[in-house]
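Have a look at the structure below before the remarks.
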Amino acid sequence: MPTLTLIQAVNDGLKVSMRQDESVLVFGEDVGPKGGVFLATEGLTAEFGKARCFDTPLSEDGIIGTAIGMAANGLRPVCEIQFQDFIFPAFDQIVSEAAKLRYRSGGQYTAPMVIRTPYGGGIRGGLYHSQSGEAYFAHTAGLKVVIPSTAYDAKGLLLAAIEDPDPVLFMEPKALYRHEKGEVPEGHYTVDLSTLRTVREGDNVTVFCYGSMVPVVEKAAAKAAEQGIQCEVVDLRTLLPLDEQGVLDAARKTGRCVIVHEAPRFCGYGAEISAMIAENIIEYMEAPVRRVTGFDTPFPNTLEHHYLPDERRVLDAIEEVARY
Amino acid sequence: MQIETAPEPFSVIGANGDVGGHKVTLSDEELIQCYRTMLTVRAFDDVCMKLQRSGRIGFSVPNKGVEACQVGAASALRQSDFFFPSYRDFGMALYHGVHPVEMMHNMFGNNLDAARGRQMPVHFSFTDPIKYFSISSPIGTHLPQAVGAAYAHQMRGEDNVTLASFGDGGTSSLGFHSALNFAGVWKSPVIFLCQNNGWAISCPSDEQTASDGFAIKGAAYGVPGVTVDGNDVLAMHQAVSEAADRARRGEGPTLIEAVTYRMGGHSTSDDPSKYVPKETLEEWAEKDPVKRFREFLTVRGMWTEELESEWSAAAYEQVNSGAKEAESTEGPRLETIFSDVYAELPQHLRRQGEAAFDLAKRKGDADAGGGAFPL
Amino acid sequence: MVPQVIQLIDESGSAVSQLPDLGKDRLRAMFISMLRVRIVDGRMLTLQRAGRIGFVGTSTGMEGAQIGSAAALKAQDWLWSGLREGGAAVMRGLPLAEYVAQMYCNANDTAKGRQMCNHFQHKGSNYPSWSSVIGTQIPHAVGAAYASKMRGEDVVHSVYFGDGATSSNGFHSGMNQAAVWKVPAVFVCVNNGWAISVSAKAQTAAETYAHKASAYGMPAARVDGNDAVACYATMQAAVERARKGDGPSLVVLETYRIMGHSSSDDPSKYRDEDEVAGWIAKDPIQRLEQYLTSQGFLAEGEREKIEAELLAEIDTVIHEQEAAAPMALKTLVEDVYATVPGHLKRQYNDFIEVAERHGDAQPGDGAFPL
């Protein structure tokens, strides 16, 4: 089995999908001859031609708006928003159109499409190349929100997303694009949406995370193990619809939970996990839930390594929850 | 540095119904269908206004004044073409054979409405006999969608066109900018029909933009723009036919500005007397599109008082019986809140649905039907 | 109707039309500013390659467009920038030290290291902070121009953006509002041929970028962007039009981005080197140099002397900025609101406790009193 980086796995997934389904097409800013600013779409124009992988004018509203029309008319668009920070001009098309089309037409028209977008910090991208906006979208009924953290999942989830009958926002942790490597099967396979992945098993503390925070949490969990604290590490993978039963089972297993994401805390995704635990299994809890998140500030540049939750902050929370 | 100016609108039907040297390409049967559709739109407006005023439906938008735009454009297109209409395009659906009762199901938001009463009235969605794309309330969002649908036609090598219809206010929307730009670059088989009806709710079209008219906006995107008399069915038919031919030949999109006038309010919730000058309204009443088309039919010997009475009665009969049927159709069931959010019902919605049904059962809400969540 | 491209000095450096009366000193000042842009860009690129700074978007090939047009603004006018107007900012008063501090994103940076490199601001010369998100500054300029108009100020707002930005939301809404409101604004589209890897031709089907003004009832002009004097003269006319209350206009500067979009971009993947070579031959600096020399405004070999001075100038500044103090950690939570709210103080205090334990904090980074 070949070993691929996360971004190579995305690229491979796109190729596999485009080879087996002629209705799949890829477009966005700079995805053509340049192959995308991160090279996720490298080689697609060469292999599939300009009609199926091409550059658009600089308009996110246009990219998503046209994708909806393509999807409603029998194509499977996989469009790219160059940075998640640039998605907001298309917020209307995503939230009010793609996500609601099935509902508002009683299923007469649908928008099966994928919006791929790199998110998160770690590349010194400052305020506008670093944001983690998953909470805006996880609040949107009708949309699916998927965030892989491994090369294997990136390809399998991407293929599942492309084949899904509903619109999927596929957020790729750009910090892991080249740092995350793993074995990836050749050809077609899928990873079911709405299933979480147990990264590491443990009986003392459960840590929920996703995307770029998964390797950070893994390192913290390894450190915690040195002190005898065994962590159950859960990669949520699909934020909407969430594997709720899986989350509750994992939380109940230890009764001590930490939630980690790099997005700001207030009304962040972690709040939903925390509320679910409080509403459903509070009687199993041995300690208050702790969240380790980005600050409730815009994303900085020079001090980004302090903004991003790191191994130390995660470990601190694990220790505190374990000791409680 | 100069500012460009717009040409006079193109028209076919002149004074007293005379078409001068213009050739009429529609058959007699089609001409009558155009006229009868306009009468049906008027009847539909009239009935809906009464239904709204008596509190039986919540909302409607009057089409009075813009019927020629709708019908002229629709008559130039095939049933296999894809319509991306605005909320004020009733005549496009009716011309192509959507029955008034189908529209009434939406006006009443009942269980036979395609949207199961989830949308406001006038937000139609049809797939048969034409593809009439589900209407959205935010302005201009459907324009890039129409371009995307056209891309699918192009990619499959079909010669279908898409029609994107919107108002003068819609030209200020993001959707207009991105759609025209993408369509220009992609040479999309799209007809952009801008119905300049003078008003975006209460904003007059000359405060919407500083450009001289709206057709000129095509220049920004390399899309040819034409200005048409929107109260003239035959001019509309010709302009849209030519644009459709261009599109089918692979020569790309056209922007058509139909100059017309919204004779009613924006909607049943709007009081236009607050902002529409009376004199302008009177001026446009003279140019009424139905009267204008009737004059043309009279000259051709295709219209009489008797026919008018017969057609009008038939239109009212269709609309009234449609309203009656829709009103007596059962309302959407509780589970339709949860269905069609996704293709498959996810866990969290199932739980929410079950809780809603359980509560309805315990509180004795008969609508929820027995208390078991059926999805 | 395709508007003529305005050119006053041809590619050989000869005047082909009546030139504005700029005089020797202003022409030389423009020339030096253009040279400074090139020298500073070169130095920044070296620093980036050496890993000292993170990102550079150079103006190579576009110095004439930027400096020539901005030279037509008065001190009280505003310049709403895109990525590549830092050189114009320096000409208008941004201290070179602040420029370099911003490139280092260090503690001397007036934006406190929160923005990426190459995102300048200078309040003193009316050069607002820029966002990486394309086209958002355009409606901002229109609103600011509305404010100036409402207060009856003698202030014109210029707003710079690239060819790609004409597809953005901001362009559409900004241009439309500006024309309806007749605000004192000048829209400067620097058509440098490329929006990252998307060519100006693939960006729109419009015949020229000047045609876009028709959609908004606004006049437009096209200028040879590598002719700094033509850029000056055309901009001057547009600015004066706005100043008189006759409303906004669009000025399209036709030029070329010789380098990649940024230090992170490899343009050889998507464009033909011959095209680049053709534009290198139209170098705006060389053109002005030839003209100045022909007029006796620049002595033989003087360019090299000026370049040496500019190099010394930038190297001194770089040396100083390398020695900047570390960034105060409290900047993480400051300036989100006018005052730091309770929840951010608590978040910071939790954070600093861990940082101090690991020896990361400096004196002064301590907790907020709650």
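Quick note on labels: first sequence line is chain A, next is B, and so on, each numbered from 1.
- Neither the backbone nor the side chain of A:Ile64 comes within less than 4.5 Å of any heavy atom of chain B.
- Using a 4.5 Å cut-off between heavy atoms, B:Phe124 does not touch chain A at all.
- At a 4.5 Å heavy-atom cutoff, the contact between A:Gln245 and chain B is made by backbone and side-chain atoms alike.
- Of the two parts of B:Leu345, neither the backbone nor the side chain holds a non-hydrogen atom closer than 4.5 Å to a non-hydrogen atom of chain A.
- Aromatic pair B:Phe182/A:Phe27: ring centres not closer than 6.0 Å.
- Interface remark: of the candidates A:Asp92, A:Thr110, A:Leu101, A:Thr66, A:Thr66 forms the most heavy-atom pairs closer than 4.5 Å to chain B.
- By the 6.0 Å contact criterion, OH on A:Tyr284 is open, its count of non-hydrogen atoms from other residues, nucleotides or ligands being 12 or less.
- Taking CD of B:Glu344 as the start and CG of A:Leu193 as the end, the distance is 10.5 Å to the nearest 0.5 Å.
- Heavy atoms closer than 4.5 Å to chain A are found nowhere in B:Ser137, neither backbone nor side chain.
- Using a 4.5 Å cut-off between heavy atoms, A:Lys144 contacts chain B through both its backbone and its side chain.
- Counting heavy-atom pairs closer than 4.5 Å to chain B, the top residue among A:Ala72, A:Ser105, A:Ser59 is A:Ser105.
- Both the backbone and the side chain of A:Asp61 come within less than 4.5 Å of a heavy atom in chain B.
- Neither the backbone nor the side chain of B:Leu143 has a heavy atom closer than 4.5 Å to any heavy atom of chain A.
- Taking each heavy atom of B:Arg118 and A:Gly106 in turn, the nearest pair found is NH1-CA, 3.6 Å.
- Proximity to chain B is absent for every atom of A:Asp164, based on heavy atoms less than 4.5 angstrom apart.
- Using a 4.5 Å cut-off between heavy atoms, B:Ala114 contacts chain A through both its backbone and its side chain.
- Of the two parts of B:Tyr132, only the backbone, made up of N, CA, C and O, holds a non-hydrogen atom closer than 4.5 Å to a non-hydrogen atom of chain A.
- With a 4.5 Å cut-off on side-chain heavy atoms, A:Glu97 and B:Ser136 count as touching.
- In A:His139, the NE2 atom is not crowded: 12 or fewer heavy atoms of neighbouring residues, nucleotides or ligands sit closer than 6.0 Å.
- For the pair B:Thr336 and A:Tyr103, the minimum side-chain heavy-atom distance is 4.5 Å or more.
- Interface remark: B:His153 contributes backbone and side-chain atoms alike to the contact with chain A (heavy atom separation under 4.5 Å).
- Each of B:Ser178, B:Pro144, B:Ala152 has some count of heavy-atom pairs under 4.5 Å with chain A, and the biggest count is that of B:Pro144.
- Most heavy-atom pairs under 4.5 Å with chain A, from the set B:Pro138, B:Ala183, B:Ser188: that is B:Pro138.
- Taking every heavy atom of both residues into account, B:Gln347 and A:Glu244 meet most closely at OE1-N, 3.3 Å.
- Ranked by heavy-atom pairs under 4.5 Å with chain A, the first of B:Asn106, B:Thr127, B:Asp113, B:Val147 is B:Thr127.
- The 12-atom threshold is exceeded at CD of B:Gln79, counting heavy atoms of other residues, nucleotides or ligands nearer than 6.0 Å.
- Side-chain contact check for A:Gln108 and B:Ser134: no donor-acceptor pair (N or O, by modelled atom type) lies under 3.5 Å.
- Interface check for chain A: of the options B:Arg116, B:His142, B:Met155, the most heavy-atom pairs under 4.5 Å are formed by B:Met155.
- Rounded to the nearest 0.5 Å, atoms CE (A:Met70) and CD (B:Gln154) are 8.5 Å apart.
- Side chain of B:Tyr342 to backbone of A:Arg102: no donor-acceptor contact under 3.5 angstrom is found.
- For a residue to count as touching a neighbouring chain, one of its non-hydrogen atoms must lie under 4.5 Å from one of that chain's; by this rule A:Gln93 touches chain B with the side chain only.
- A:Asn73 has its side chain within reach of B:Phe82: a pair of non-hydrogen atoms, C-beta onward, lies under 4.5 Å apart.
- Residue A:Asp166 touches chain B through its side chain alone, counting heavy-atom pairs closer than 4.5 Å.
- At least one side-chain heavy atom of B:Val185 sits under 4.5 Å from a side-chain heavy atom of A:Pro57.
- Enclosure of atom CZ in A:Phe48 by more than 12 non-hydrogen atoms of other residues, nucleotides or ligands within 6.0 angstrom is indicated.
- Using a 4.5 Å cut-off between heavy atoms, A:Leu58 does not touch chain B at all.
- Identified by a heavy-atom distance below 4.5 Å to chain B, the contributing residues of residues 75-83 of chain A are A:Leu75, in residue-number order.
- In terms of heavy-atom pairs under 4.5 Å with chain A, the best-connected choice from B:Ala150, B:Pro346, B:Ala149, B:Ala179 is B:Ala149.
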